Amino acid sequence: MSNDTTALNQQNTPLDHLDDVWLFGYGSLLYKVDFPYLECQPASISGWSRRFWQGSHDHRGTPEAPGRVVTLVEEPGAVCHGLGYRVTPDTFAHLDVREKNGYLRFFTPMSFTDGHSVDGLVYVASDANLAFLGPALLTDMARHIADSHGPSGSNADYLLQLDEALQELGAADDHVAQLAIRVRELLE
Ligand code: SIN
C-alpha cells in the first residue's frame, strides 16, 4: 500500500450523499481541532486499543526519521475512549490530507455516554501500511518519541497533549500515560 491514502479514502468511502457524518477521534483529533464541527460529545468504540505503533513521516517525524504516533489495533473486549465530532462531509477533504500517512477511514459503531450509538468514521493505520512500526519496548518507544520532531512539532508534544486531553476527558489510557511518564523523565 502506498503511504498516501488520500485518494483511496475518497474513492472507497464517498460521503457526498450524506448531510452530516460522525467522526471518532482518539489521537491528535482530540486536541488539535483544526476543522469545523456541528457537535462534539465523548464517545467510545469497542474492540480496539490505542497504541503508539504508527510511524509519522509528515507530522511528528520525517520519512528518514519517522516519529511514533497512535493508531488503533484490534483487541477483543477493549474499549477505546475518545470524542465524537459531527461534521459535514466536505470536512473530509481536509482530514483525509491530514491523516494521509497510512490511515484508512471506515464506518464502525460508536457509543455515546447516554447509551445511544451511531455508525461513525474512524481513521486507522493498519499493519499493512508502509509507515507501520508495530510494538517495541516501552523504554525504546519513549526514547524514540523524546528524540523525534517533524513539520507539526515535536513528537513529545503529540504524546503529552494526548495524555492531557485524555485525562481532561476522564479517560486516561494506561499505554499513553506510561509513555508520558517516561518521556517527561527523559526531557527533564
Ligand atoms: C485520530 O486522532 O483519531 C487519528 C490519529 C491521529 O491523528 O493522531
Side-chain angles (χ1 to χ4, degrees), residues 3-6 8-9 13 15 21-37 40-61 66-75 78-87 91-112 118-134 141 144-145 148-169 171-173 175-177 179-180 183:
N3 265 3
D4 189 336
T5 51
T6 313
L8 211 52
N9 275 320
T13 319
L15 304 167
V21 187
W22 280 97
L23 164 71
F24 179 75
Y26 60 90
S28 67
L29 291 175
L30 296 183
Y31 62 84
K32 186 181 173 187
V33 187
D34 59 354
F35 54 91
Y37 60 85
C40 174
Q41 289 186 36
S44 61
I45 61 173
S46 296
W48 297 92
S49 289
R50 177 172 21 231
R51 291 287 178 266
F52 269 82
W53 290 3
Q54 173 65 3
S56 176
H57 296 185
D58 53 349
H59 287 297
R60 305 294 174 156
R68 250 187 198 269
V69 292
V70 287
T71 183
L72 295 179
V73 295
E74 285 189 87
E75 188 183 334
V79 177
C80 178
H81 294 277
L83 284 173
Y85 298 95
R86 191 165 61 85
V87 299
T91 310
F92 288 89
H94 164 65
L95 291 174
D96 286 346
V97 173
R98 171 172 162 172
E99 303 295 329
K100 71 181 188 310
N101 190 216
Y103 291 85
L104 291 174
R105 55 170 160 82
F106 54 86
F107 280 102
T108 193
M110 52 189 270
S111 303
F112 298 101
V118 295
D119 274 348
L121 282 173
V122 60
Y123 285 94
V124 173
S126 81
D127 60 4
N129 89 88
L130 293 175
F132 191 76
L133 295 172
M141 287 195 284
H144 183 167
I145 291 167
S148 297
H149 300 265
S152 298
S154 77
N155 205 167
D157 278 352
Y158 174 104
L159 164 66
L160 299 178
Q161 288 182 85
L162 176 57
D163 184 45
E164 276 166 29
L166 287 166
Q167 286 182 33
E168 276 169 24
L169 203 54
D173 177 319
H175 173 77
V176 178
L179 279 169
V183 167

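It should be emphasised that the depicted structure is a prediction, and the values quoted were computed from it without experimental measurement. Ligands are counted one by one from 1 in listed order, and the atoms in each one are counted from 1 as well. The figures here come from the full heavy-atom set of this structure, side chains too, leaving out hydrogens, waters and symmetry mates.
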ask   = Closest non-hydrogen protein atom to atom 5 (C) of ligand 1, residue and atom name please, with distance?
value = Glu99 OE1, 3.7 Å

ask   = What's the verdict on side-chain contact (heavy atoms from CB on, under 4.5 Å) for Leu29 and Leu83, showing C-alpha distance, side-chain angles and the deciding distance?
value = CA-CA 8 Å; Leu29 291 175; Leu83 284 173; over 6 Å; no

key: Close aromatic pair by centroid cut-off 6.0 Å: Tyr85 and Phe24   = no

request  = Compute the shortest N/O to N/O distance between Tyr123 and ligand 1 and return yes if it is under 3.5 Å, no if not.
outcome  = no

query = Which atoms of ligand 1 are found less than 4.0 Å from any heavy atom of Gly25?
reply = 3 (O)

query = Quick check: does Leu29 get an N/O under 3.5 Å from an N/O on ligand 1?
reply = yes

inquiry  = For ligand 1, which is the ligand I care about here, please tell me if Tyr103 has any N or O atom under 3.5 Å from one of the ligand's N or O atoms.
reply    = no

ask   = What atoms of ligand 1 come closer than 4.0 angstrom to any heavy atom of Tyr158?
value = 6 (C), 8 (O)

ask   = Can you check whether Gly67's main-chain N or O pairs, donor with acceptor, with Asn155's side chain at less than 3.5 Å?
value = no

task = Quick one: look up the protein heavy atom nearest atom 6 (C) of ligand 1 and list residue, atom name and how far away it is.
result = Ser28 OG, 3.3 Å

ask   = Can you check whether Phe112 and Trp22 have ring centres sitting under 6.0 Å from each other?
value = yes

key: Between Tyr158 and Phe52, ring centroids under 6.0 Å   = yes

ask   = In ligand 1, which numbered atoms sit nearer than 4.0 Å to a non-hydrogen atom of Gly27?
value = 1 (C), 2 (O), 3 (O), 8 (O)

request  = Test Arg105 against Thr13 for side-chain contact (heavy atoms from CB on, under 4.5 Å), laying out the working first.
outcome  = CA-CA 8 Å; Arg105 55 170 160 82; Thr13 319; 3.3 Å; yes

key: Criterion side-chain hydrogen bond (donor to acceptor under 3.5 Å, both in side chains) on Glu75 and Ser49, from CA distance to verdict   = CA-CA 6 Å; Glu75 188 183 334; Ser49 289; 2.5 Å; yes

query = What residue and heavy atom of the protein are closest to atom 3 (O) of ligand 1, and at what distance?
reply = Tyr26 N, 3.0 Å

Heteroatom distance test (Leu30, ligand 1): nitrogen or oxygen, under 3.5 angstrom = no

request  = State the OG1-CG distance between Thr71 and Asp127, to the nearest 0.5 angstrom.
outcome  = 9.5 Å

message = Does any N or O of ligand 1 fall below 3.5 Å from an N or O anywhere on Arg98, backbone included?
response = no

